[in-house]
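Structure first, commentary second.
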Amino acid sequence: MMMLLMSFLFLILLVPIVNFWFFSFYFLFLMSVFMNMLGFLNELVYLSYFLGIDLLSYSLICLSIWICFLMILASEMIYKQNLFGNLFIFNILFLLLSLIITFSSLNMFIFYLFFEISLVPIFILILGWGNQPERISAGVYLLFYTLLVSLPVMIVLFYLNKKFNSLEFYFMENLELNLLMYLCMNMVFFVKIPMFLTHLWLPKAHVEAPISGSMILAGVMLKLGGYGLFRFMKLFMLSGSYFNILFIMISLVGGMYISLMCLRQSDMKMLIAYSSVSHMSLVLSSILTLNLWGFWGGLILMMAHGLSSSGLFCLANMLYERTYSRSLFLNKGFLNMLPSLSLWWFLLCSSNMSAPPSLNLLGEILLMNSLIFYSKYIMVSLFFLAIYSAVYSLFLYSFTQHGKFYSGVYSYSMVSSREFYLLFMHWVPLNLLFLLSDTLFIWV
């Protein structure tokens, strides 16, 4: 792992002299190297210093590398218009470096440190390459929502170090029943995932971010909250059996409410951002059930949502680059104008609503089973969540593809091979990873 990090540091020095597209190929090469590391990852392997990976870390590191590769592929306008391309690449490299250390860290303090550091490149992406003046308030929302709840985590970490004389994940054990410590440690993950009532930073950040910022936010940054809960829940096995039901109820009821809000959105990016909150509320609820199916389903749906949501943001950006509007009332009738793109709208919207053979379907089956095992009364909210998920996905597809084409759009470009490749690289792993699903079950 340390060799990998050293290669990143060497690569950062090459940013001023190497071509923009070189880094896209480098990330693809890095992904192929990581794919060859897939082995018996039910135990910690590749240990070096404070780093090591198991299957949970490995899956999310692969997702991070893949999304960063697609971010560069989607950001051709930065290269064409010479909008500080070198700084953009440096930002992505720094972000990926911090994410890899976060996901592979074996020490709680190192995890916490890089968990917070990964906010900075996203903040720079939104402020530097966002389009609207509101991007400043969106960046401040993103930063301070997380920073406000992260200070209590540091205090709890100092307490754990005093209690266990170590901050290694391996040596942690169940803590006594304590609501204050439970809230101090987990609220930062509830904000990050995000849970309903702490989610208001997400739609603002998505709408104001450039396409690369939206992709990494939806694809990886929300998964940091789920990853943190996976790692830290072993401290709260006793407390969780008392307190988790409250947050499960908030998540599921909030997920239903957010799903209804999706049906009245007129902004495509806002709709996709709210649908992320709805999906991640299901992941959060299943992790808090503390059963095996919930942990399996949580990991699988996190991977699936990262690809499908990122792909939908790419599609919304393609229409925005042609019509200069994200409004569903102006982006209509594209089935007549760009039928080849309509196929990708259909494929990614159907994946978003968990149609087979997507990985979302497998994840939602496992999650629903885990929640029904937890309490049979949850079935009511799961029914509405599943129905509304299909409804807002079909709403997004039908509004963009059908209807009368907006006559104010006088000229636009056809879809390039780069854009087809970008969508293909989202859809193929999303719909073929279910063939590797037995591998994803060995980490717990």
Side-chain angles (χ1 to χ4, degrees), residues 1-11 26-69 92-118 121 166-172 189 192-193 216 219-235 283 287 292 295-307 359 363 429 433 436-444:
M1 290 301 296
M2 289 303 292
M3 286 177 63
L4 178 70
L5 299 185
M6 289 299 112
S7 73
F8 264 95
L9 294 175
F10 173 71
L11 206 63
Y26 174 76
F27 286 139
L28 203 54
F29 167 73
L30 191 62
M31 187 68 189
S32 65
V33 170
F34 249 83
M35 291 298 286
N36 287 327
M37 290 169 68
L38 180 60
F40 296 101
L41 295 177
N42 53 335
E43 298 292 339
L44 283 167
V45 292
Y46 303 110
L47 294 167
S48 57
Y49 296 95
F50 53 87
L51 302 176
I53 58 172
D54 61 358
L55 191 67
L56 175 62
S57 309
Y58 172 82
S59 307
L60 292 169
I61 289 172
C62 282
L63 182 65
S64 305
I65 296 170
W66 193 247
I67 295 292
C68 285
F69 156 63
I92 290 180
L93 280 170
F94 183 65
L95 175 61
L96 184 57
L97 184 66
S98 62
L99 286 171
I100 288 175
I101 295 176
T102 305
F103 288 132
S104 59
S105 173
L106 303 179
N107 183 285
M108 284 186 176
F109 188 77
I110 301 292
F111 167 80
Y112 167 76
L113 184 65
F114 283 92
F115 181 89
E116 298 301 325
I117 285 173
S118 62
S166 171
L167 283 177
E168 301 295 321
F169 283 112
Y170 187 79
F171 297 118
M172 294 297 118
F189 303 128
K192 198 72 175 180
I193 206 166
I216 196 71
V220 182
M221 300 305 285
L222 302 190
K223 312 319 176 254
L224 278 171
Y227 177 81
L229 286 171
F230 279 133
R231 292 295 189 212
F232 282 87
M233 265 300 144
K234 66 182 287 189
L235 290 169
V283 173
I287 294 171
L292 195 59
F295 277 34
W296 286 340
L299 173 60
I300 289 172
L301 194 59
M302 274 160 52
M303 299 279 291
H305 173 264
L307 291 164
L359 200 61
L433 268 177
L436 272 175
S437 55
D438 55 334
T439 311
L440 295 173
F441 291 154
I442 64 173
W443 75 274
V444 179

Within the structure provided, determine whether [X] and [Y] are in side-chain contact (heavy-atom separation under 4.5 Å).
X: L99; Y: I61; result: no
X: L440; Y: W296; result: no
X: I101; Y: F50; result: yes
X: I92; Y: F27; result: yes
X: L307; Y: W66; result: yes
X: V220; Y: L60; result: no

For the residue pair S57 / R231, report whether a side-chain donor-acceptor contact shorter than 3.5 Å exists. yes

Supply the atom-to-atom distance [X] [atom1] to [Y] [atom2], rounded to the nearest 0.5 angstrom.
X: I100; Y: L95; atom1: CD1; atom2: CG; value: 10.0 Å
X: L30; Y: F69; atom1: CG; atom2: CZ; value: 12.0 Å
X: I53; Y: L106; atom1: CD1; atom2: CG; value: 10.5 Å
X: C68; Y: L63; atom1: SG; atom2: CG; value: 9.5 Å
X: F103; Y: S98; atom1: CZ; atom2: OG; value: 9.5 Å
X: S105; Y: Y227; atom1: OG; atom2: OH; value: 7.0 Å

Set of ring-ring contact (aromatic ring centres under 6.0 Å, His included) partners for F169, sequence neighbours left out: F232

Pair L292, F441 - check side-chain contact (heavy atoms from CB on, under 4.5 Å), show working. CA-CA 9 Å; L292 195 59; F441 291 154; over 6 Å; no

side-chain contact (heavy atoms from CB on, under 4.5 Å) between I65 and L96, worked out: CA-CA 7 Å; I65 296 170; L96 184 57; 4.1 Å; yes

For K223, check side chain to side chain donor-acceptor pair (under 3.5 Å) against everything at least two apart and list the hits. H305

Distance-minimising heavy-atom pair for S118 and L224: OG-CD1, 3.7 Å

P121 and I117: which non-hydrogen atoms are nearest, and at how many Å? CD-O, 3.2 Å

Is the backbone of L51 close enough, under 3.5 Å, to the side chain of Y46 for a donor and an acceptor to pair up by distance? no

Parallel, tilted or perpendicular: which describes the rings of F189 and F115, with under 30° parallel and over 60° perpendicular? perpendicular

